[in-house]
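Each remark here refers to the structure printed beneath this line.
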2 protein chains.
Amino acid sequence: MPKSPRVDPDQLLELFSVSFGAYYGDFTAAAARENLTASQGKTLGELSRGPVAMRGLADTLACDASNITGIIDRLEKRGLVRREPSPGDRRVKNVVLTPEGEQAVEAIRAHMDTTRAGMDTLDAEERATLHALLKRVFTARCGES
Amino acid sequence: MPKSPRVDPDQLLELFSVSFGAYYGDFTAAAARENLTASQGKTLGELSRGPVAMRGLADTLACDASNITGIIDRLEKRGLVRREPSPGDRRVKNVVLTPEGEQAVEAIRAHMDTTRAGMDTLDAEERATLHALLKRVFTARCGES
DNA sequence: GACTCTTGCTTGACCATCTCAAGCATCCAC
DNA sequence: GTGGATGCTTGAGATGGTCAAGCAAGAGTC
């Protein structure tokens, strides 16, 4: 079953652009529902995988460390996040999600309506295929075997 | 060949988050190379598909129209873009990419190194499959037959 | 210990992005 | 032509982003 022959990398890149634009819009809207900006939502999402040092957030979000200070300041002021001193290195501050922060992450994920509706058009096998292909394209270098 | 059984929507959503983060970082870096911010790059990318009214850009980029005014101001000042009156409606201004603007878009697309490297790990059939699946998830509602 | 080097975080300055409220010009319906 | 809707701009205020500078703390050397 030849899905559609002749998809060159430029066409795929173009589709990435459109798809990610749609995802980003959906994400931004879901975050706005919680009175969070896209950057704040993205930061909380990273933290949902476990505590991260300020430096680590700056690396993941690909921005200057000084930027993170302000974002965490605002999230901390709202009680969604907490700075904790690192036991091993007193320079380092680990950022931890509070229960309220976890709730916010859940709420955002639950309200990604457009994206979820799109995913619902795939059956289980198609989801598995998409997952495998996307993973190869975007997480190759962090690659476990 | 069962790729990987049991990928539920939440896992796929999670992978979207990571993948789009990687894409966004790559895009931002490529845009920065041209002395453009991510928003400016995204705007130019939209315009590469043809002229768009200010209002249309605001809709596509999912932000307030007043925002677009500033972005286009800066792009126009740098000669990457031009405002043209719409023949049919004198309220509307169509934004057109200049040749310099087209060059900038090409340069950004050419320097999406991480993403291109990831795509190179796929063969032609896998690209076609990924294209078809992504398209179904994210462009269903604009759907031509 | 003292000296230096590096690293992690914060601060301040400066611009870009984003939203909202308000305003103006134009179109459209009546 | 009057009134209402629409397209764009402006200005205020908060957030996001970079850069340069600074402080605190680990790490290596003596």
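First the proteins, then the strands, lettered A, B, ... as listed; each starts at 1.
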For this session: Identify, between Ala62(A) and Gly56(B), the residue whose nearest nucleotide on DNA chain D lies closer to the 5' end.
Result: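 With Ala62(A) and Gly56(B) compared, the 5'-side residue is Gly56(B).
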Residue [X], side-chain heavy atoms: nucleotide from [options] that is nearest:
| X | options | answer |
| --- | --- | --- |
| Gln40(B) | dT17(C), dC19(D), dT10(C) | dT17(C) |
| Thr37(B) | dT9(D), dG16(D), dT17(C) | dT17(C) |
| Arg55(A) | dG16(D), dC9(C), dC8(D) | dC9(C) |
| Val92(B) | dC8(D), dT9(D), dT11(C) | dC8(D) |
| Ser39(A) | dC9(C), dA5(D), dG16(D) | dG16(D) |
| Arg91(A) | dT6(C), dC27(C), dC19(D) | dT6(C) |

Looking at [Y] and [X], is there a salt bridge between them, counting it only when a charged N and a carboxylate O are closer than 4.0 Å?
| X | Y | result |
| --- | --- | --- |
| Asp73(B) | Lys77(B) | no |
| Asp120(B) | Arg127(B) | no |
| Arg33(B) | Asp113(B) | yes |

With heavy atoms under 4.0 Å as the rule, sort [X] into base, sugar-phosphate or nothing.
| X | answer |
| --- | --- |
| Asp64(B) | base |
| Ala58(A) | nothing |
| Asn67(A) | base |
| Ala38(A) | nothing |

Exercise. Does the side chain of Ser66(A) get closer than 4.0 angstrom to OP1 or OP2 of dG17(D) through an N or O atom?
Worked result: no
Exercise. Does Arg90(B) make a side-chain N or O approach to OP1 or OP2 of dT6(D) shorter than 4.0 Å?
Worked result: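 Result: no.
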Exercise. dT15(D) P sits how many Å from Ile71(A) CD1, rounded?
Worked result: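 Atom CD1 in Ile71(A) sits about 11 Å away from atom P in dT15(D).
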For this session: Grab the CZ-P distance between Phe27(A) and dC18(C) for me, whole Å please.
Result: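 From Phe27(A) CZ to dC18(C) P: 14 Å.
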For this session: Check each of Leu61(A), Ile108(A), Leu36(A) against Lys42(A) using the side chain to side chain contact (heavy atoms under 4.5 Å, CB included) test, and report the only one that passes.
Result: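 When Leu61(A), Ile108(A), Leu36(A) are each tested with Lys42(A), the side chain to side chain contact (heavy atoms under 4.5 Å, CB included) holds only for Leu61(A).
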